[in-house]
Amino acid sequence: MQQLEQSKPHSNGSLIPSLSPDRRRQPVRCMVICRLHFRLFPNWKGWIFPKNFPWNQARYPSFLAAANSVDFESYGFENEYKGIDYNFLFHSCTKLHLAKQLHALLVVSGKAQSIFLSARLVNLYAYLGDVSFSRRAFNQIPTKDVYTWNSMVSAYVRARRFSEAVDCYYQFLAFSGLQPDFYTFPPMLKACGNLVDGQKIHCWVVKMGFEWDVFVAASLVHMYSRFGSVDVARKLFNDMPFRDMGSWNAMISGFCQNGNAAEALDVLNDMKLEGLRMDPITVSSLLPVCVQSDDVISGMLIHLYVIKHGLESDLFVSNALINLFSKFGSLGNAERVFDEMKVRDLVSWNSIIAAYEQNSYPVTALGFFKKMQLIGVQPDLLTAVSLASIVGQLSDRKISKSVHGFIMRRGWFQEDVVIGNALVDMYAKLGAIDHAHTVFKKLPIKDVISWNTLITGYAQNGLASEAIDVYRMMQECNEIIPNQGTWVSLLPAYSHVGALQQGMKIHGRVIKNSLYLDVFVGTCLIDMYGKCGRLDDAMSLFHQVPRKSSVPWNTIISCHGIHGQGENSLKLFKDMVDEGVKPDNVTFVSLLSACSHSGLVDEGQWYFHVMQEDYGIKPGLKHYGCVVDLLGRAGYLEKASNFIRNMPVRPDASIWGALLGACRIHGKLDLGSFASDQLLEVDPENVGYYVLMSNIYANVGKWEAVHKVRALARERGLQKTPGWSSIVKGSQVEVFYTGNQTHPKHEEIYKELIILTAKIKSLGYIPEYSFVLQDVEEDEKEHILTSHSERLAIAFGIISTPPRSPIRIFKNLRVCGDCHNATKFISKITEREIVVRDSNRFHHFKDGVCSCGDYW
DNA sequence: ATAGGGTTAG
């Protein structure tokens with residue numbers, strides 16, 4: 001402006017050459033407003049707005065009215081106008097509402113149409129983070145020059161709204177009749193989303209001869225390295241006539257964003273050879289790569305470098321460090337960096353909140369959120385994502401509603417899928433799976449992750465078949481390509497219902513895209529094969545997947561456990577230690593439960609000590625539960641109850657449940673009723689415990705007590721889970737409910753059962769009536785036993801599959817003792833292998849014996 | 001007055 005004023009003094013002495021004479025009178029209004037301000041704020045000296053000018057106290061409507069009523073002519077406005085320092089005005093606007101007031105000022109004074117000032121408004125709004133206002137200001141400009149267009153394009157780029165930036169660029173080319181200059185291209189190169197578009201822009205750049213401008217060249221190099229064109233990037237970089245830190249950083253950060261750590265380090269090395277040192281920008285590009293590639297050592301080295309060169313004061317570096325420490329789980333360091341920051345922005349707050357949230361400290365995370373609000377930092381979408389996850393972890397339904405409302409009010413739900421997915425996840429974690437489904441249905445766009453989240457939600461709430469239904473719906477809508485996450489959420493559901501065929505289909509599918517070598521998918525497949533009775537397949541798959549982490553080991557140990565092969569579990573654990581894989585707390589849950597399934601009492605107790613002494617793992621409730629189960633099942637009930645008494649943590653329902661289960665097996669009435677008393681306090685809603693207790697009473701014929709327990713359950717509105725068994729025939733799953741006679745083949749099944757019972761009785765089978773939990777006559781008792789769902793399913797298997805072929809049964813509850821005994825005999829006379837998977841473990845019946853050795 | 005290279009996500 002200075003130049004313009006000097007070069008083109010207007011004929012009438014005015015310094016605003018581009019405005020019409022009529023417009024020239026407008027500055028007066030501005031002055032009048034300044035005067036009015038002066039009246040309100042007498043300490044204010046002069047026309048220049050001071051830095052701490054109380055803009056927010058200025059009420060524009062009233063000022064406008066006042067300004068319009070003033071006789072402009074009475075002011076010597078031409079002279080006064082000279083005194084206004086617009087630069088200072090623009091620089092003083094550090095908050096959005098100030099910018100809006102300046103905008104109003106400019107409109108009032110007719111300056112909003114000035115080609116200089118209006119474009120500055122576009123930039124100001126962009127700088128303050130409100131592109132929509134930039135656009136509005138932009139639209140109000142009647143004649144636009146290159147600078148105007150450049151400002152608008154870069155405003156979009158700054159806001160990361162790349163597609164709108166590109167659109168704006170093409171509007172510029174099509175309608176403005178102007179040529180882009182070398183300010184236009186760097187933002188465009190940042191905005192382009194793929195290599196082809198980038199190359200197109202490169203062509204333009206060459207055509208216009210801007211190729212070797214430092215900024216343009218750096219942008220080109222960055223674009224190529226970002227899209228992985230290593231050679232082109234390197235060639236351009238080598239041909240550059242002049243290189244500064246920006247050029248090096250462009251190259252390095254491009255490779256970093258591409259995830260190409262090796263190339264990035266290579267360039268970094270070259271840079272060091274030229275005697276250049278990393279600056280804050282280099283550091284903050286490199287740190288995320290350390291996080292991605294799990295490279296703790298490089299991360300720490302960079303941290304040392306940062307300390308040594310005093311780069312910690314840089315906002316971006318500090319933020320990146322918080323994320324680094326958070327991902328490596330060292331929250332103390334993360335918080336230290338956060339504390340020492342002199343300036344914190346939204347990213348800092350989001351990072352520290354996410355750090356605590358992702359390391360499962362929801363309470364601390366929430367504390368930081370509250371502190372942030374107290375200071376007055378406005379949360380954004382990413383804050384809300386963390387917040388939703390925090391609420392999910394806290395399982396606090398009350399807060400969940402307010403978080404949901406908070407997100408809806410700000411319109412973020414419509415704006416981004418991520419936030420919607422976070423809400424679905426939140427409700428699923430709270431166990432409110434219906435809410436999760438409702439939110440899912442309302443999502444404006446559904447991506448893979450939306451579907452994955454819902455599938456996981458159903459699966460983790462124990463609704464496996466619903467999870468599978470969701471997957472089916474996902475396939476039907478055809479637009480979504482399943483990914484690794486889909487398999488990881490779906491396969492556990494298949495494991496749960498024992499859907500081996502479908503699971504194998506997925507296995508085939510993941511082999512095609514090599515995902516079966518992925519640790520997580522591989523582990524889910526191992527688990528699926530193990531839980532579907534294919535222990536050998538699970539084992540051979542285990543030998544193929546990478547075994548550096550504990551995850552696949554934990555799974556294969558647990559698989560052997562549920563198959564009653566505790567010795568193999570112990571052996572696998574030794575292998576794991578020999579291969580240098582560090583066991584974690586999950587490993588010991590698998591190992592201890594394997595010991596308990598196989599009656600390895602001494603070994604189990606030994607490893608419970610090893611876990612604490614050698615590996616320094618503090619036992620959790622799950623470990624204590626395993627030990628109680630281990631001792632109780634083996635009949636050491638006194639020892640088990642002493643163990644509970646000496647526990648340093650308060651026993652929860654699972655602990656007492658394990659004790660009660662053991663009492664059921666060994667018929668311990670007194671201890672059982674003690675355990676159930678505890679349970680009715682801790683978890684009165686769980687039917688299972690009422691059933692167990694009534695079973696104990698029924699077993700010893702205390703029918704009165706049985707009725708009492710049942711009445712209590714009824715009073716509390718609880719219903720016994722109906723027992724069912726299923727068998728897979730072809731692709732069809734046949735389900736049988738205990739005592740249900742509605743199956744189309746019921747007549748045949750029942751006939752077969754009568755014959756079978758007669759045959760096995762001749763082999764020495766004696767019905768064990770203590771498993772009949774009703775007070776009825778003897779012959780009725782036999783009928784009840786033979787109509788147990790597992791027996792219906794076995795009989796169905798015998799009549800509908802070829803002789804001597806194996807039969808696989810799935811039962812939702814634990815298999816009954818009499819059925820277990822009968823199945824042994826059935827396997828002998830039919831010469832079939834019968835595999836029963838119940839809610840607890842596998843039973844392999846062959847030749848009249850069971851793999852569990854009657855211990856379960 | 002406008003331009004390059006940097007941090008946070010389900």
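Lettering of chains follows the sequences in order, A, B, ..., and the numbering in each one begins at 1.
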Listing request: all salt bridge (Lys or Arg N to Asp or Glu O under 4.0 Å) pairs with a residue in residues 310-325 of chain A, at least two apart in sequence or in separate chains.
Glu312(A)-Arg336(A)
Taking DNA chain B as the partner, which of residues 338-361 of chain A come within under 4.0 angstrom of it by heavy atom?
Val347(A), Asn350(A), Ser351(A), Gln358(A)
Qualifying residues under side-chain hydrogen bond (donor to acceptor under 3.5 Å, both in side chains), relative to Lys446(A), sequence neighbours excluded
none
If the condition is salt bridge (Lys or Arg N to Asp or Glu O under 4.0 Å), which residues does Glu335(A) pass it with, not counting sequence neighbours?
none
For Asp396(A), enumerate each residue passing the salt bridge (Lys or Arg N to Asp or Glu O under 4.0 Å) test, keeping only those at least two apart in sequence or located in another chain.
none
Contact list for DNA chain B against residues 128-155 of chain A - heavy-atom distance below 4.0 Å:
Tyr147(A), Asn150(A)
Within residues 263-272 of chain A, find the residues that approach DNA chain B with a heavy atom at under 4.0 Å, and present them sorted by residue number.
none
Using a 4.0 Å cut-off on heavy atoms, which residues in residues 314-321 of chain A reach DNA chain B? List them by number, or say none.
Asp314(A), Phe316(A), Val317(A), Asn319(A)
Mind jotting down which residue pairs meet the side chain to side chain donor-acceptor pair (under 3.5 Å) criterion with at least one end in residues 268-278 of chain A? Sequence neighbours excluded, please.
Arg277(A)-His309(A)
Can you name the residues that form a salt bridge (Lys or Arg N to Asp or Glu O under 4.0 Å) with Asp239(A), not counting sequence neighbours?
Lys235(A)
For Tyr183(A), enumerate each residue passing the side-chain hydrogen bond (donor to acceptor under 3.5 Å, both in side chains) test, keeping only those at least two apart in sequence or located in another chain.
none
Which residues, if any, of residues 241-252 of chain A bring a heavy atom under 4.0 Å of DNA chain B?
Asp244(A), Met245(A), Gly246(A), Ser247(A), Asn249(A), Ala250(A)
